[in-house]
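Data block below; observations after.
Order of the sequence lines sets the chain letters (A, B, ...), proteins ahead of strands, with each chain counted from 1. As the structure is a computational prediction, the values presented were derived from the model and not from experiment.
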Protein chains: 2
Amino acid sequence: MSTPQGARARARIEVTVAIKDAARRQLAREGAAKLSLRAVARELGMVSSALYRYFPSRDELLTALIIDAYDSLGEAAEKARDAVSGAAPVDRWTGVCEAVRGWALAHPHEYALIYGSPVPGYSAPETTVRAAGRVGLALIGIVRDAHERAGLAEPPLPAELRPEGERMVAEFAPDVPPEVAVALVAAWAQLFGLVGFELFGQFNKVVEDREAFFRHAVTGLAHGVGLR
Amino acid sequence: MSTPQGARARARIEVTVAIKDAARRQLAREGAAKLSLRAVARELGMVSSALYRYFPSRDELLTALIIDAYDSLGEAAEKARDAVSGAAPVDRWTGVCEAVRGWALAHPHEYALIYGSPVPGYSAPETTVRAAGRVGLALIGIVRDAHERAGLAEPPLPAELRPEGERMVAEFAPDVPPEVAVALVAAWAQLFGLVGFELFGQFNKVVEDREAFFRHAVTGLAHGVGLR
DNA sequence: ACACAGAAGAGAGCAGCGCTCTTGATTTAG
DNA sequence: CTAAATCAAGAGCGCTGCTCTCTTCTGTGT
């Protein structure tokens, strides 16, 4: 039933949200490694074992936070895509990229949670897949719009990768040339390379003007996928 | 003194190495999160407190492993660079990139240690900086050779980034045009975006033929820095 | 050749962790 | 109104990183 009919169901939802909020606060403060169920319980005035009524394990709680983080980032990306929907394709592209970077700088621990090392014995449940794809889909959307409106400069594609590109088109990038689909996936990964390096300190003593550097680099990515 | 003159000093070095080896084995088996000082001690038939004579904390042990991992990866990259020293610049470039990818696939947990989320409070000590730069320097070397031998197609560089590029040239990329230096740093970060996405599972259900895709993408990176 | 400072290991112990199981209270449903 | 489901709490297990103390050993200067 979509309506929570009892006071109990409502309370359950509220407590679940409160747990996730407290956990997210700790996550932002200390990072995923130091997120402790007992500390979350303390903050809520509960006892640690009570949390197990809501999350079967610490990793399950982390998984819930992972999904939320993906959604939060995805929402930021989609908002940026829609905010500049009239602009030139390259500007829309860089707008989304800058939204991703901005979100990452604002939520470094959550970014580390989803794009850093996988935490436990590692398994990404099916639930995360949809949320994890939102940034990529936002980028695909921009490229598709540009393709339909003005055409793209199609990057070269070696013959051995053509089937791969056609599969990508069929599975998640409809109405986009296969050459572009392949380039898009590469640019998508490369975008997070740029963001991750800045966030995790690899750019220390290497890049000073991070913002200008990033804008320049993602403009290059846009050209790489055929945007003009 | 470069020669450890006492038997004691020699024993100390041997035990230190044994600890790191055992720790590395556990790291490869379980990942950094589950690396436990007590388990390392057990494996060596010592008691946990004895390890503190060699490493002042678990994080210090991790730092030692980080440096070793950087050096191991850097050595792989340099070996690849030198193995194909006569080949065309683009092939040398892709050779080094593939060495990086190969090392990462062979040592996923160590890769996660150095390019994944940084650990708790953790500030990268000065000691890591040299080792962390080796891959980048290998790439720079290839581009410099190509520049001196045959010239490069210089990528465009917006005016606001010119000082940045000149600083890069002065600090770690001598004899390379500033345009190329900036493009090089971007390509360096993007390379690890590609590797990280593959390793951390972001390419699941997205890229099938990982090897061909990677080769194609890093060829694109090579073109981006001006190699032909 | 010997005595001694310093180094190394053992052991106990502290506080914290994730997680399980049991117990008693409270709410919901039949 | 009673039976079933739900939930908070408490005790406890085995693990963790780390500290402190005590004992043994050993390399070295006299």
Side-chain angles (χ1 to χ4, degrees), chain A residues 1-20 22-23 25-27 29-66 113 118-123, chain B residues 1 3-20 22-27 29-66 109 113 118-122:
Chain A
M1 317 311 160
S2 65
T3 330
Q5 64 274 54
R8 191 162 225 158
R10 194 164 327 152
R12 185 176 179 82
I13 291 176
E14 273 172 24
V15 174
T16 306
V17 169
I19 292 172
K20 284 207 292 185
R25 274 194 297 275
Q26 280 199 22
L27 182 67
R29 213 181 311 130
E30 307 267 16
K34 295 200 170 170
L35 194 158
S36 128
L37 274 187
R38 291 179 115 110
V40 170
R42 264 195 305 272
E43 185 173 328
L44 295 169
M46 302 170 76
V47 91
S48 73
S49 58
L51 291 198
Y52 286 84
R53 302 266 169 204
Y54 298 89
F55 295 93
S57 74
R58 192 194 100 117
D59 286 356
E60 288 288 322
L61 174 55
L62 267 180
T63 299
L65 295 181
I66 286 174
L113 190 62
V119 198
Y122 163 78
S123 66
Chain B
M1 320 307 163
T3 331
Q5 64 274 55
R8 200 156 204 158
R10 193 163 331 164
R12 185 177 178 82
I13 290 175
E14 274 172 24
V15 175
T16 306
V17 168
I19 291 173
K20 285 206 290 184
R24 201 175 354 258
R25 273 193 297 276
Q26 280 199 21
L27 184 66
R29 213 180 312 128
E30 306 268 15
K34 296 200 172 172
L35 194 159
S36 128
L37 274 187
R38 291 180 115 110
V40 170
R42 263 193 307 272
E43 184 173 330
L44 294 168
M46 302 171 75
V47 89
S48 74
S49 59
L51 290 199
Y52 286 84
R53 303 268 175 208
Y54 297 88
F55 294 93
S57 74
R58 193 193 98 119
D59 285 358
E60 287 289 321
L61 174 55
L62 267 180
T63 299
L65 295 181
I66 286 174
H109 286 116
L113 192 61
V119 234
Y122 188 73

*asked:* Any side-chain N or O of A:Arg38 below 4.0 angstrom from OP1/OP2 of C:dG18?
replied: no
*For the pair made of CD in A:Gln26 and C1' in C:dG18, what is the distance, rounded to whole Å?*
14 Å
_Distance, rounded to the nearest Å, where B:Leu35 contributes CG and D:dC18 contributes P_ = 11 Å
*Verify the contact: side-chain N or O of A:Tyr52 to OP1 or OP2 of D:dA9, cut-off strictly under 4.0 Å; return yes or no.*
no
_Rounded distance (Å) that lies between atom C1' of D:dC7 and atom CZ of A:Arg10_ = 18 Å
_Spacing of B:Arg58 atom CZ relative to C:dG16 atom C1', expressed in whole Å_ = 14 Å
_N/O donor-acceptor pair under 3.5 Å between B:Arg58 side chain and B:Leu35 backbone_ = yes
*How is B:Phe55 classified with respect to the nucleic acid when contacts are heavy atoms under 4.0 Å: base, sugar-phosphate, or nothing?*
nothing
*For B:Glu43, which residues count as a side chain to side chain donor-acceptor pair (under 3.5 Å) partner, sequence neighbours excluded?*
B:Arg25
*Enumerate the residues from residues 39-51 of chain A whose closest heavy atom to DNA chain C is under 4.0 Å, giving them by residue number; use none for an empty result.*
A:Arg42, A:Ser48, A:Ser49
*Between atom CZ in A:Arg12 and atom P in C:dT27, what is the gap in whole Å?*
16 Å
*Which whole-number value in Å describes the distance from A:Lys34 NZ to C:dC17 C1'?*
13 Å
*Length of the CD-C1' vector between B:Glu60 and D:dG17, whole Å*: 14 Å
*Of all heavy-atom pairs between B:His109 and B:Gly31, which one has the smallest distance, and what is that distance?*
CD2-CA, 3.3 Å
*State, to 0.1 Å, how close B:Ala32 and B:Leu62 come at their nearest heavy-atom pair, and which atoms those are.*
CB-CD2, 4.5 Å
*asked:* On the nucleotide D:dT6, are OP1 or OP2 found under 4.0 Å from the side-chain N or O atoms that A:Arg53 carries?
replied: no
*Kindly say if B:Ser57 contacts the phosphate of D:dG17, meaning a side-chain N or O under 4.0 Å from OP1 or OP2.*
no
_Nearest heavy-atom neighbours spanning B:Ala22 and B:Val40_ = CB-CG1, 4.1 Å
*Which whole-number value in Å describes the distance from B:Glu14 CD to C:dA7 P?*
19 Å
*Please name the pair of heavy atoms, one in B:Lys20 and one in B:Phe55, separated by the smallest distance, quoted to 0.1 Å.*
CG-CZ, 3.8 Å
_Shortest side-chain distance from A:Leu37, nucleotide among D:dG17, D:dC7, C:dC19_ = C:dC19
*Kindly write out the residues that satisfy salt bridge (Lys or Arg N to Asp or Glu O under 4.0 Å) with A:Arg42, not counting sequence neighbours, or none if the list is empty.*
none
